[in-house]
Number of protein chains: 2
Amino acid sequence: MSDVKAQLQEAFERTGLRQTPQRYDVLAWLVRHRKHATAEEIFDAVNRTNQRLSRATVYNALHALVESGLVRPVAGEGAAARFDATLDRHHHFICDRCGSIEDLTWFDLPSKAMQAAAGGRSVRQVEITLHGICQRCARGKTKQATASV
Amino acid sequence: MSDVKAQLQEAFERTGLRQTPQRYDVLAWLVRHRKHATAEEIFDAVNRTNQRLSRATVYNALHALVESGLVRPVAGEGAAARFDATLDRHHHFICDRCGSIEDLTWFDLPSKAMQAAAGGRSVRQVEITLHGICQRCARGKTKQATASV
DNA sequence: TCCAACTTTAGATTTAGTCTAAATAGTGTG
DNA sequence: CACACTATTTAGACTAAATCTAAAGTTGGA
Ligand SMILES: [Mn+2]
Ligand SMILES: [Mn+2]
Ligand SMILES: [Zn+2]
Ligand SMILES: [Zn+2]
């Protein structure tokens, strides 16, 4: 029944994120339609039934929800594409604070388990990215706010 | 010495990608400055010393280079951000052909090796994305050209 | 009831990337 | 070399994603 409603409200309370009708609608839609939607898709869908929602608010709400951990961003949060001429296999580390991308030495994946997870799909490439705080930033060098050099 | 030059030329020959001054300059810059640069950064840098390079050509060149495997794209090739309300830990599969994003069941990573690769960095989250052809597309359902629903 | 902080809004603006049609630069043939 | 043909580059128009802004609306607490 309105079980979901209660759960969502509980989620807002738990995370301390102020619940507003707009934030609620965005989260509810995302939970209901378990797809990996873009902000635009969410806006179109929610705005259709609830006029009280502007485009900017979808972005605001999504940021707030991600911030509180109720939603997770997938596939590189819409920044500019980046290119790498280092072809030796390696992984990447992206700093939450300064946005810098660093190379990590390669480590193997459990190929057996990976095969299983992939099911019948044909896999061309595996991409591993660790997110966290880089050493510069950890050392208090909290200079650059956003994506750096 | 001009060792690099020879290597790059060899790379063009090997992959069969026609070598043009513009493509050469883009690749050479990327190889020289081993950073994860954006198209704009590359344009600014290369255009400064070589006027014969337009913005569009940087994009063309990068696509051609990625296509030939001489350069690899990092961190989600600049599409719209996507959001996921499924918080249970899981990985993702992105289809090269139709762009759809599918959930994969979780599999553990070799945490020992990962720690080592991460060095001193504090890791908040690990993101694993497999790229390939989804089952729908594999079955010839080659309908939708670009990123789908 | 009143205030201050927070949130939403429409629309302008910025940024990344694509597209277009014309100019330019190879490439192969004779 | 002349020619035709194809591939590439170009400037600038255009589109799409996201952010910013300033004003209006909402909320919780003193
Ligand atoms: Mn790299
Ligand atoms: Mn998912
Ligand atoms: Zn950092
Ligand atoms: Zn597909």
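Since the model is a prediction, treat every value here as computed from it, not as a measurement. To find a chain, count down the sequence lines: A is the first, B the second, and so on, and within it residues start at 1.
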Choose from [options] the nucleotide whose nearest atom is closest to any side-chain atom of [X].
X: A:Ala56; options: C:dG11, C:dT8, D:dT8; result: C:dG11
X: A:Asn60; options: D:dT8, C:dT8, D:dA18; result: C:dT8
X: A:Arg18; options: D:dT19, C:dT7, C:dG17; result: C:dT7

Identify the residue among B:His36, B:Arg34, B:Arg72 that makes a side chain to side chain donor-acceptor pair (under 3.5 Å) with A:Asp84.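 For A:Asp84, the side chain to side chain donor-acceptor pair (under 3.5 Å) test succeeds with only one of B:His36, B:Arg34, B:Arg72, which is B:His36.
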Specify the separation, in whole Å, of atom [atom1] of [X] and atom [atom2] of [N].
X: B:Leu65; N: D:dT8; atom1: CG; atom2: C1'; value: 13 Å
X: B:Arg82; N: D:dA16; atom1: CZ; atom2: P; value: 15 Å
X: A:Tyr59; N: C:dT7; atom1: OH; atom2: C1'; value: 18 Å

Counting only heavy atoms not in B:Gln19 (residues, nucleotides, ligands), do more than 12 fall under 6.0 Å from its CD?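 Above 12, so yes.
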Base, sugar-phosphate, or nothing: which does B:Thr57 touch, judged by heavy atoms less than 4.0 Å apart?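 The answer is base, as B:Thr57 lies within the cut-off (heavy atoms under 4.0 Å) of a base atom.
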So A:Arg55, base contact, sugar-phosphate only, or nothing? Heavy-atom distance under 4.0 Å. nothing
Given that B:Pro21 and B:Glu40 both sit by DNA chain C, which one's nearest nucleotide is further toward the 5' end? B:Glu40
When you match A:Arg52 and B:Gln19 each to their closest nucleotide on DNA chain C, which lands nearer the 5' end? A:Arg52
Whether B:Arg23 side chain and B:Arg18 backbone form a donor-acceptor pair below 3.5 Å: yes
